[in-house]
Amino acid sequence: MSARSYSFTHAIMRAPSNSITHGLRAKDTGTPDIAQFAKDHAHYKNLLESTGAKVTSLPALEDYPDSVFVEDAALCLPQGAIIMRPGAPSRLGEATLMKPVLEQFYKNLPIIEAPVSEALATIEGGDILTTEREILVGRSARTNAVGIEALRDIVAPWGYKVREVITPPGVLHFKTDCSLLDENTILATKRLADSGCFAGYKIIHTAPGEEAAANAIRFNQLVLMPAGFPKTAQILAKAGYDVRQVGNTETAKIDGGMSCLSLRFSPPVMQANS
Ligand code: CIR
């Protein structure tokens, strides 16, 4: 298995803080139960590790209620890691704190920051879907055109094509509604796929009424998806994917799903003494 878009040797996760009960959410559907959140988080970590990947667990950050959602703080590519500039002001510091963490893995390469001097640039990892052939970035309430341009400038010299797409109105992130399943296949809600943004890919739709199943991840041989969406799970299993279901009731209360809980990457080869 050599697909760089879903083959990973490493992942980073961050323990949920007690302050997670104050995490951002579009609408209040109840307070997350911290113990259940932690249990599901541990299950997720075990599944990543079961593929042979090394998972780094960062300590909880009480000052940042949403910091368990590490995906939004950075984009990790084989050539380097790009520190994001979150559109949610309460989350800006999370990106800054991710920089020294990623420096441990990207020793021989610069960590490139989005231009923080450009006040208007905002971009969050949840809006970025890296496929085998391009990087799709959804413009959203969190990610704007200036942020997307900043990313394009950084990754173009590395050979990546960035394509701006639209996150559906009222949807938090682009990947709230889609996931990469393999080199050529995307799991997506109908409302997102109908925008035509996946032309040229094979699309598998979430089952009607199971739109929240769209935020899954392909991680090595596994597909992790939120539990509670049996029809979509069956569609994926029938299509040949090794599907694992992870409890997501508490994460969903603060608008999270599978992708946001980890940064997935294969760092460049380290120096001999590192
Ligand atoms: C937020 O609103 O920023 C968090 N409560 C949820 C972030 C989820 N992140 C993601 O899907 N990548």
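Computed from a predicted structure; not experimentally measured. First listed ligand is number 1; within each ligand, the first listed atom is number 1.
Under a 4.0 Å N-O distance rule, the pair Lys190/Glu211 does not qualify as a salt bridge. In this structure, Arg14 does not pair ionically with Glu94, as no charged nitrogen and carboxylate oxygen lie closer than 4.0 Å.
For residues 159-189, every residue pair satisfying the ring-ring contact (aromatic ring centres under 6.0 Å, His included) rule, not counting sequence neighbours, is listed here: Phe174-Phe198.
Residues Leu136 and Cys197 approach most closely at CD2-O, 3.9 Å, considering heavy atoms. Across Ile217 and Leu48, no two heavy atoms sit closer than the pair CD1-CD2, 4.1 Å.
A side-chain donor from one of Thr167 and Asp127 sits under 3.5 Å from a side-chain acceptor of the other.
Protein residues lining ligand 1, listed by chain and number: Leu24, Asp66, Phe69, Glu71, Asp72, Arg91, Gly126, Arg142, Leu172, His173, Ile254, Asp255, Cys260 [non-hydrogen atoms, distance under 4.0 Å].
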